[in-house]
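We number each residue from 1, following the sequence as shown. These numbers were taken from a predicted model, which means no experiment stands behind them. Because only heavy atoms are used, hydrogens play no part in the values below, and waters and symmetry mates are left out as well, while side chains stay in.
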Amino acid sequence: MTKKLQGSSLSWQETCTSFMLFSRALALSVREAYKPSKTSDRKPEPKEIIEIPSSDEEDNNEDVQLQSDVQRAIEASKAQSASSSRTYSPQDSISPTISPPAISAPSMLVRSSNAFPFDRAQLERERLERQKRLRPDLVEAQSKPQLDNEDEETDENVNMNGRSAKRQRLSHNSSTAYHSNVPSSSTRPTTGKAPRATTSGTQSKEPADAYFWNGELRQTANKYVEPSKDTRPLFRLTDILAPRDEISFAIISAYCVDFPWMYSFFNPSTPVIIVAQDSQGNETMKEVLPNWIKTTPFLRGGRGCMHMKFMLIFYKTGRLRVVVSTANLLPIDWRDIENSVWVQDVPLRPRPIPHESKANDFPAAWTRILHSLNVAPALITMVKNGHTDLPISRLEDLRRKWDFSKVKIHLVPSLAGKHEGWPKVLQSGHVALMKAVRDSGARTPKGKELVLECQGSSIGTYSTQWVNEFYCSARGDSAEEWLDQPKSRRTKLPYPPIKILFPSDKTVKESALGEQGGGTMFCRRSQWEGAKFPRTLFHDSRSKSGGVLMHSKMIIATFRDTGPSSKGKAPQSDSETEPESDDEVVEVDAQGREEDKVIGWAYVGSHNFTPSAWGTLSGSGFNPILNNTNFELGIVFPLRSAEELERVACWERPPRKYVLGKDEPWMQSESAYFAEE
């Protein structure tokens with residue numbers, strides 16, 4: 001075994017020994033990088049990993065094969081090298097408890113201070129070359145990531161298993177490129193112990209430790225915004241997940257997730273629970289990345305979507321950041337299309353308060369939502385896996401430990417499933433919207449009419465009964481009176497004054513990205529040409545930022561005086577714009593105090609204006625039943641002035657009404673760009 005290798009000055013024994021040392025150093029480095037942070041010196045308990053099969057499980061066969069090859073080389077070298085005095089124990093190889101899956105982001109390999117020096121960039125290049133050679137299908141999938149139809153209406157029994165994922169063809173740059181391509185146009189929020197709210201101000205770069213103690217609603221920064229219209233404060237993902245190394249724990253949620261990309265925004269040792277969609281609608285839980293647990297909730301019959309987009313970011317200082325948005329966790333949602341994000345920081349209480357099982361406030365709503373999403377078992381598993389110093393040990397700690405007294409908005413969730421009886425019905429869907437409108441002091445007064453502008457990225461299957469059902473809740477009126485009306489009467493009502501905002505075919509084609517930017521907008525020909533489809537309610541959706549398409553979901557509700565021409569239904573004119581008098585906003589003094597004057601309310605969140613998102617009512621006024629297909633989440637707050645309304649609305653107002661016979665909504669399925677290959 002002392003024969004020299006051809007073309008090399010090293011013997012086989014020396015080569016194997018060098019390879020062993022390199023392999024051990026690499027294993028120790030990876031193990032050190034993925035070690036969870038501990039405040040105790042005691043040996044952690046063995047990690048418990050709950051594996052439930054899922055069709056979207058990450059494929060790591062290549063890495064397993066590579067580790068097996070390394071182990072075989074070490075064993076062969078040990079058998080052939082009697083003169084070697086070094087003995088290797090099983091602990092010297094990569095930990096068998098957690099095999100780190102393939103991560104495309106280079107920042108995943110973090111070299112510890114005592115790690116063997118190696119060229120991480122070169123290793124990454126070699127890994128990609130191996131993957132390209134062995135699994136070309138994975139390389140193609142990464143270069144052209146799949147983007148599911150997250151909002152496709154499921155009222156017509158469209159099963160999730162039968163959906164065809166639309167291939168997203170927008171650029172998929174690295175996070176580094178994304179960060180450098182988007183200019184900052186945020187105002188400077190407050191920092192330190194006595195922050196103040198910011199709703200306007202001059203442009204400046206966002207400080208890394210920006211706080212939003214009174215809440216902040218902004219659109220996302222966009223690569224394609226027109227410079228002349230880039231005047232509003234905006235959010236970038238780096239603004240929200242900052243400072244990175246101060247994050248101690250996070251619970252995040254989205255329908256679509258680019259895991260390697262999101263992983264790069266966190267320290268590798270930071271524990272994260274991520275709520276996502278299971279392609280079969282099953283309740284699952286598994287470890288998808290080092291220190292990351294993915295959990296999915298149950299969906300009846302595999303129908304519907306886990307469509308919530310939120311973040312709960314816990315900091316080492318005790319601060320909690322609450323985020324509700326319309327954006328998926330994909331580069332395109334934070335770079336190429338426009339979304340809306342609400343952020344509020346919440347301080348830690350001086351001391352925890354007792355648990356109240358009957359509480360019905362903002363943090364109690366969060367606790368219910370997280371339980372419904374299967375987060376509680378994931379939290380228990382995270383603790384058992386060695387993260388014993390998490391800021392919460394149970395979901396009820398949210399309300400006990402943090403002071404939410406400055407939070408003025410109201411959460412509006414939709415929880416997938418059947419909800420029967422008023423206590424449960426009031427906690428979900430458009431009935432929860434009704435309660436939030438009332439709690440905000442924004443119920444439509446007697447003698448006034450409510451005008452709705454409903455903007456989104458997906459169109460539903462509408463009937464006059466469902467639209468009036470939603471409108472009843474939007475007014476803040478109890479569904480009890482609605483359900484007690486004869487069904488024959490409910491099905492014959494005219495459409496109420498609602499404007500459905502959706503980009504026209506012309507708007508999409510003339511946008512900055514053209515047809516390829518319309519991959520997240522969904523309307524079907526069968527819907528549009530339906531005999532009773534409300535085409536007269538459609539208005540064009542155009543961003544205030546110029547030729548940018550919006551993935552935001554927003555409702556603007558305003559009061560107006562009831563007139564003979566508008567009572568009972570929306571104007572049926574086919575003109576390009578509606579008369580200004582139809583949109584005249586009326587201020588209402590609901591409580592007799594100046595600060596309580598409202599002109600309406602606004603909703604921002606994941607709900608599209610569809611029955612699947614908001615739910616459908618049945619039953620009676622005595623025993624109502626609400627059926628929700630999707631998991632959704634948003635916020636509601638009152639609007640107190642026309643100026644505030646214009647700051648909140650992300651589209652050009654008044655919206656241009658479709659000209660029937662000339663305008664049609666964008667239909668992705670009819671675009672040659674998105675034709676099935």
Side-chain angles (χ1 to χ4, degrees), residues 30-31 33-38 44-60 63 94-103 105 108 241 244 247-299 306 308-315 320-321 323 328-329 366-367 369-398 631:
V30 173
R31 188 172 62 187
Y34 296 138
K35 185 188 300 180
S37 57
K38 298 280 293 176
E45 299 176 7
K47 297 193 174 185
E48 176 183 332
I49 304 174
I50 299 178
E51 292 284 351
I52 300 178
S54 173
S55 61
D56 62 346
E57 185 170 1
E58 310 258 283
D59 190 320
N60 62 354
D63 296 274
I94 296 178
S95 170
T97 306
I98 300 179
S99 298
I103 307 298
M108 297 309 99
L241 297 174
R244 173 179 182 259
I247 298 174
S248 63
F249 177 50
I251 303 174
I252 60 180
S253 174
Y255 176 78
C256 294
V257 183
D258 184 330
F259 282 91
W261 182 73
M262 277 306 299
Y263 195 87
S264 68
F265 286 90
F266 292 87
N267 188 300
S269 64
T270 302
V272 174
I273 294 175
I274 183 163
V275 183
Q277 171 89 4
D278 178 70
S279 60
Q280 306 297 320
N282 293 325
E283 184 177 272
T284 71
M285 183 167 55
K286 61 184 177 181
E287 196 161 53
V288 291
L289 291 167
N291 302 313
W292 280 49
I293 291 179
K294 173 187 172 185
T295 185
T296 66
F298 173 73
L299 291 164
M306 197 311 296
M308 293 185 179
K309 287 105 172 165
F310 67 81
M311 302 181 192
L312 297 174
I313 310 298
F314 299 83
Y315 289 89
L320 168 64
R321 172 160 288 180
V323 181
N328 282 300
L329 299 178
W366 268 116
T367 303
I369 292 166
L370 295 175
H371 274 294
S372 72
L373 295 175
N374 200 36
V375 172
L379 182 62
I380 293 172
T381 301
M382 188 70 79
V383 173
K384 289 183 177 180
N385 281 2
H387 295 283
T388 57
D389 55 350
L390 295 179
I392 58 173
S393 58
R394 53 193 302 237
L395 297 179
E396 287 71 19
D397 287 344
L398 273 176
F631 285 96

K.L.:
CG of L373 to CD1 of I273: how many Å apart, nearest 0.5 Å?
P.N.:
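Here the rounded value is 11.5 Å.
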K.L.:
Drop me the distance from M306's CE to F631's CZ, to the nearest 0.5 angstrom.
P.N.:
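If I round to the nearest 0.5 Å, the distance is 8.5 Å.
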K.L.:
Taking the side chain as C-beta and beyond, is there a heavy-atom pair between E287 and N385 under 4.5 Å?
P.N.:
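Yes, at least one pair of side-chain atoms sits under 4.5 Å.
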K.L.:
I'd like to know if the side chain of D397 pairs up with that of S393 as donor and acceptor (distance under 3.5 Å, no hydrogens or angles considered).
P.N.:
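Present: a donor and an acceptor within the cut-off.
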K.L.:
Mind checking whether F314 and L398 have side chains closer than 4.5 Å, heavy atoms only?
P.N.:
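SC-SC contact between F314 and L398 confirmed.
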K.L.:
Between the main-chain N or O of A254 and the side-chain N or O of N328, is there a donor-acceptor pair closer than 3.5 Å?
P.N.:
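No; judged by distance alone, with no hydrogens or angles, the pair does not exist.
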K.L.:
Taking the side chain as every heavy atom from C-beta outward, state whether F249 and L312 have any atom pair closer than 4.5 Å.
P.N.:
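Side chain of F249 against side chain of L312, heavy atoms only: no contact under 4.5 Å found.
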K.L.:
Mind checking the CG-OG1 spacing from N374 to T284? Nearest 0.5 Å is all I need.
P.N.:
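Answer for the CG-OG1 pair, N374 versus T284, is 7.5 Å.
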K.L.:
Which atoms form the tightest heavy-atom contact between N282 and T296, and what is the distance?
P.N.:
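Heavy atoms of N282 and T296 come nearest at O-OG1, 2.8 Å.
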K.L.:
Test M262 against every option in L241, L289, I274, V272 by the side-chain contact (heavy atoms from CB on, under 4.5 Å) rule and name the one that passes.
P.N.:
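Among L241, L289, I274, V272, the one meeting side-chain contact (heavy atoms from CB on, under 4.5 Å) with M262 is L241.
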K.L.:
Of all heavy-atom pairs between M285 and I293, which one has the smallest distance, and what is that distance?
P.N.:
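For M285 and I293, the tightest heavy-atom pair comes out as CG-CG2, 3.6 Å.
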K.L.:
State, yes or no, whether a side-chain contact exists between I247 and R321 at a heavy-atom distance under 4.5 Å.
P.N.:
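SC-SC contact between I247 and R321 ruled out.
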K.L.:
Hey, could you give me the CG/NE2 distance between N291 and H387, rounded to the nearest 0.5 Å?
P.N.:
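With rounding to 0.5 Å, CG (N291) is 4.0 Å from NE2 (H387).
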K.L.:
Side chains of M382 and L390, heavy atoms from C-beta outward: is any pair under 4.5 Å?
P.N.:
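The answer is yes, as the side chains (C-beta and beyond) meet within the 4.5 Å cut-off.
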K.L.:
If you look at every heavy atom in A276 and P297, which pair is closest and at what distance?
P.N.:
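Answer, listing the atom of A276 first, then P297: O-CD, 3.7 Å.
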K.L.:
Report the distance from atom CD1 of I252 to atom CZ of F266, rounding to the nearest 0.5 Å.
P.N.:
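The distance works out to 4.5 Å.
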K.L.:
If you measure only the distance, is there a donor-acceptor pair under 3.5 Å linking the side chains of S269 and N267?
P.N.:
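Side chains of S269 and N267: pair found under 3.5 Å.
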K.L.:
Could you state the interatomic distance from CG (D278) to NZ (K286), rounded to the nearest 0.5 Å?
P.N.:
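Taking CG in D278 and NZ in K286, the distance rounds to 7.5 Å.
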K.L.:
Do you know which two heavy atoms are closest between R244 and S264, and how far apart they sit?
P.N.:
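Closest approach of R244 to S264, heavy atoms only: NE-O, 3.6 Å.
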K.L.:
Could you check if a side-chain atom of L329 sits within less than 4.5 angstrom of a side-chain atom of M311, using non-hydrogen atoms only?
P.N.:
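With C-beta onward as the side chain, the pair touches.
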K.L.:
Please work out which of the three classes, parallel, tilted or perpendicular, describes the rings of Y263 and W292, given edges at 30° and 60°.
P.N.:
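Geometry flag for Y263 against W292: tilted rings.
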